[in-house]
Amino acid sequence: MSQPIILASGSSIRAKLLQQAAVPHSVETARIDEEMIKSALIAEEAPPRDIADTLAEMKARKISDKHPDALVIGCDQVLDHRGKLLSKPDSQEDAIRQLTQLRGDRHMLLSAAVICEGGKPIWRHVGQVRLRMRDISDSYLNDYVTRNWESIRHAVGCYKLEEEGSRLFTSIEGDYFHVLGMPFLELLNYLALRGDLAT
């Protein structure tokens, strides 16, 4: 019999991906001090990839300690722009500042997932996507943030490709699921190989 699966994330997109793929699961958001952990890792000069992986593992571990018999999925996504980590915007002004930095240039999204069982990681993957942003005008950028603020305020990079954010880009290299914040096909393949998903 397959084990219960818990998504240790408050992301509605990640939960929807699992739901639409008919993966039985429950959701229990892991409460960790992401900013403190991120700041400590940045101070240690950890690469963005390791920061995403560490945060995903800490979320999975926290819920796995409470549900040792379940498979707990922790996720995190970070944006790497020329080696600098960008986080979710604090305000509309911060979103405009971040998008101004990104326009006309390439950046990378790193989407990490870690599965824990019995409080220990048993699988991990970090997906990478390279994106090139259009050299958008100041007026469009300001209007975009104003129109979409309630949605993009929770998004790394201040955009959502599944919404108007697609207009910001000239090219995307990589897996669309990684853009949405989860290495989803890799995760499904692992669960299928374990026998937790019927194939």
Side-chain angles (χ1 to χ4, degrees), residues 8-11 13-14 30-60 74-114 124-184 186:
S9 170
S11 164
I13 291 176
R14 292 181 183 124
R31 306 290 180 196
I32 63 170
D33 191 339
E34 289 191 48
E35 290 310 311
M36 186 187 76
I37 297 162
K38 204 180 287 186
S39 296
L41 290 168
I42 290 169
E44 293 170 8
E45 299 183 352
R49 186 186 190 283
D50 291 354
I51 294 172
D53 181 69
T54 299
L55 289 167
E57 180 177 328
M58 293 188 80
K59 292 171 187 176
C75 302
D76 196 77
Q77 184 181 59
V78 301
L79 188 153
D80 178 358
H81 180 235
R82 299 185 175 275
K84 183 182 176 186
L85 203 71
L86 295 186
S87 300
K88 295 172 185 175
D90 296 325
S91 62
Q92 290 191 37
E93 293 73 24
D94 187 32
I96 290 167
R97 182 185 57 77
Q98 288 194 34
L99 288 168
T100 300
Q101 286 180 41
L102 296 174
R103 68 180 171 185
D105 200 2
R106 286 185 181 273
H107 67 270
M108 187 160 59
L109 284 177
L110 301 161
S111 292
V114 174
R124 64 195 333 123
H125 187 84
V126 180
Q128 301 182 16
V129 183
R130 297 181 187 279
L131 305 95
R132 178 177 285 280
M133 190 172 283
R134 194 178 304 283
D135 192 9
I136 49 179
S137 66
D138 288 342
S139 59
Y140 179 77
L141 192 154
N142 288 320
D143 290 346
Y144 168 78
V145 170
T146 301
R147 270 196 308 277
N148 295 281
W149 173 242
E150 284 307 314
S151 177
I152 64 171
R153 67 189 300 177
H154 305 296
V156 171
C158 316
Y159 58 81
K160 288 187 176 179
L161 279 183
E162 66 274 25
E163 297 174 2
E164 189 185 344
S166 59
R167 290 176 55 182
L168 304 177
F169 293 91
T170 59
S171 67
I172 299 167
E173 301 166 23
D175 189 318
Y176 182 63
F177 291 120
H178 296 170
V179 177
L180 296 181
M182 183 185 276
F184 193 49
E186 295 86 351

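Just the heavy atoms: all of them, side chains too, but no hydrogens, waters or symmetry mates, feed the values below.
When all heavy atoms of Val129 and Ile172 are compared, the pair lying nearest together is CG1-CG2, 3.6 Å. Contact between Ala52 and Asp76 at its shortest, heavy atoms only, is O-CB, 3.6 Å. Shown here for Gly181 and Ser111, the closest heavy-atom pair between the two residues is CA-OG, 3.5 Å. In plain terms, the two heavy atoms of Ala60 and Gly74 that are nearest each other are CB-N, 3.6 Å. Minimum heavy-atom separation, Asp94 to Pro89: OD2-CA, 3.2 Å. What you find for Pro183 and Ala112 is that their closest heavy atoms are CD-C, 4.1 Å.
By the 4.5 Å heavy-atom criterion applied to side chains, Arg82 and Gln101 are not counted as neighbours. Between Val78 and Val156 the shortest side-chain heavy-atom distance does not fall below 4.5 Å. By the 4.5 Å heavy-atom criterion applied to side chains, Leu79 and Gln98 are not counted as neighbours. Using a 4.5 Å cut-off on side-chain heavy atoms (C-beta onward), Leu168 and Leu131 make no contact. With contacts defined as side-chain heavy-atom distances shorter than 4.5 Å, the pair Met133/Leu99 qualifies. Looking at Met58 and Asp33, their side chains never come closer than 4.5 Å, going by heavy atoms from C-beta outward.
In this structure, the separation between CD on Gln77 and CG on Leu180 is 8.5 Å, given to the nearest 0.5 Å. Taking CD1 of Ile51 as the reference point, atom CG of Leu110 lies at 9.5 Å (rounded to 0.5 Å). Interatomic distance, CZ of Arg14 versus CE of Met182, reported as 6.0 Å (0.5 Å rounding). The OG atom of Ser171 lies 11.0 Å from the CZ atom of Arg130; values are rounded to the nearest 0.5 Å. To the nearest 0.5 Å, the span separating CD1 on Ile96 from CG on Asn142 amounts to 4.0 Å. Going from atom OG1 of Thr170 over to atom CG of Asp135 covers 10.0 Å, rounded to the nearest 0.5 Å.
Partners of Lys88 by salt bridge (Lys or Arg N to Asp or Glu O under 4.0 Å), not counting sequence neighbours: none found. Partners of Arg49 by salt bridge (Lys or Arg N to Asp or Glu O under 4.0 Å), not counting sequence neighbours: none found. Take Arg134 and apply the salt bridge (Lys or Arg N to Asp or Glu O under 4.0 Å) test, not counting sequence neighbours, and it matches no residue.
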Mind listing the side-chain donor-acceptor pairs of residues 36-46 below 3.5 Å, one per line with the distance, residues two or more places apart or on another chain?
unit_1, atom_1, unit_2, atom_2, d
Lys38, NZ, Ser87, OG, 3.2
Ser39, OG, Glu35, O, 2.8

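For residues 124-147, there are no ring-ring contact (aromatic ring centres under 6.0 Å, His included) pairs, not counting sequence neighbours. Counting only residues at least two apart or on different chains, the side-chain hydrogen bond (donor to acceptor under 3.5 Å, both in side chains) pairs with a member in residues 149-160 are His107-Tyr159, Glu150-Arg153, Ser151-Lys160, Ser151-Glu163.
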Stepwise, does the side chain to side chain contact (heavy atoms under 4.5 Å, CB included) test hold for Thr146 with Gln92?
CA-CA 7 Å; Thr146 301; Gln92 290 191 37; 3.9 Å; yes
Pair Leu161, Tyr176 - check side chain to side chain contact (heavy atoms under 4.5 Å, CB included), show working.
CA-CA 9 Å; Leu161 279 183; Tyr176 182 63; 4.2 Å; yes
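Shown here is Arg31, whose CZ atom has no more than 12 heavy atoms of other residues, nucleotides or ligands within 6.0 Å.
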